[in-house]
Amino acid sequence: MTSVSNKTLLITGCNRGIGKAILTKFTENGYNVIACNRTISDDFRTFCNELMQKYNVEITLYQCDLSENNSIADTMKAIFQSKVQIDVLVNNAGMAFGAFFSMTSVIKIKEIFEVNFFAPVLISQYVSKWMQKRRSGVIINLGSVAGLDPMEGFTAYGTSKASLMMFTKILAKELGKYNIRVNAVAPGLTETEMALEMEKKSEEYMVNMTSFKRLGKPSEIANLVYYLSSDEAEFITGQVIRIDGGM
Amino acid sequence: MTNLEKYNEAFIASFEITEEKLNGLKYQDIEFWDSVGHMTLVANLEDAFDIMMETDDIIDLSSYEKGKEILTEKYDISF
């Protein structure tokens, strides 16, 4: 891999929304990228090819189902064998779900936790071990305001994100000695397909709660993630940073 | 360097001990083999044998002898 920055980002779930914006932001800044997605469409391959040509970087695609531990393990082994050094890990992939507590099965909660919490934990276990050897690295988890502020209908999603954000703080404590920084961003409602899946009245309610009376843009979240990955944020670790337009 | 020499060297480098103290050595027997030292040992073993150890194996690596057993059975490294 040859690029301007000679650094590599590993990101999960980047074929749309916030993940796609993060992928774009990092490649704009010369990062090579290892992208792990559940599905890899022809459109996404074309999009990546355009980024590679435009910014002279490498994007390597792995098909990985985050709801399956074996799929994660196989992907991590393949990355390990490729001998690529991971500088930044962004655990972005997430599964949205909204329903009242009484209409949320435990099976559904486990399904959401599998992708939103256990997968980032497992991936962080692999990648942080590689980072520990080099005494360097940055991990950024995508949390959510739904994991900070209690909101009706977020039993599964909110608790999974709350767990991820507490995990972030604990991991930062454990990995600080290895010069690895771990932070989370907690976006409010953002202009993504995930947001479109919400009931209209819920969306309006959340928009009205913001100071700016609008949804966030994926690029705004990507800018914060990129900042946290940069040396300019070298003394920031164990933080959950809200980016919600002032909710 | 033989596999046994590489294995021993990983322990010696991780815990700053001499070779004669390796037999029978168990996790937390000595000051340097604490949780942080354990991860240093894992890193040194992974580097020495070019392997990626699974979390379950890292947890099971409770002694000098157990480590040899894990590497033999799970990672095809013979001693």
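Letters go in sequence order (proteins before strands), and every chain restarts at 1.
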Count the heavy atoms belonging to other residues, nucleotides or ligands that lie under 6.0 Å from [atom1] of [X], then report whether that count exceeds 12.
| X | atom1 | result |
| --- | --- | --- |
| A:Met166 | CE | no |
| A:Lys169 | NZ | no |
| A:Arg38 | CZ | no |
| A:Phe101 | CZ | no |
| B:Glu19 | CD | no |
| A:Lys177 | NZ | yes |

Measure B:Val36 against the heavy atoms of chain A and call it side chain, backbone, both or neither at under 4.5 Å.
-> both

Is it the backbone or the side chain of B:Asn44 that comes under 4.5 Å from a heavy atom of chain A, or both, or neither?
-> neither

With only heavy atoms counted, which part of A:Lys129 is less than 4.5 Å from chain B, the side chain, the backbone, both or neither?
-> side chain

Should B:Asp50 and A:Lys83 be marked as a side-chain contact (heavy atoms from CB on, under 4.5 Å) after you check the CA-CA gap, both sets of side-chain angles, and the distance that decides it?
-> CA-CA 10 Å; B:Asp50 196 23; A:Lys83 304 287 181 194; 2.4 Å; yes

Name the member of B:Asp47, B:Val42, B:Ile58 that forms the most heavy-atom pairs with chain A at distances under 4.5 Å.
-> B:Asp47

Apply side-chain contact (heavy atoms from CB on, under 4.5 Å) to the pair A:Met76 and B:Glu54, showing each step before the final yes or no.
-> CA-CA 11 Å; A:Met76 292 300 123; B:Glu54 294 294 333; over 6 Å; no

Could you give the distance from CD (A:Gln132) to CE (B:Met39), rounded to the nearest 0.5 Å?
-> 5.0 Å

Can you tell me how far the CD atom of B:Glu46 sits from the CH2 atom of A:Trp130, to the nearest 0.5 Å?
-> 9.5 Å

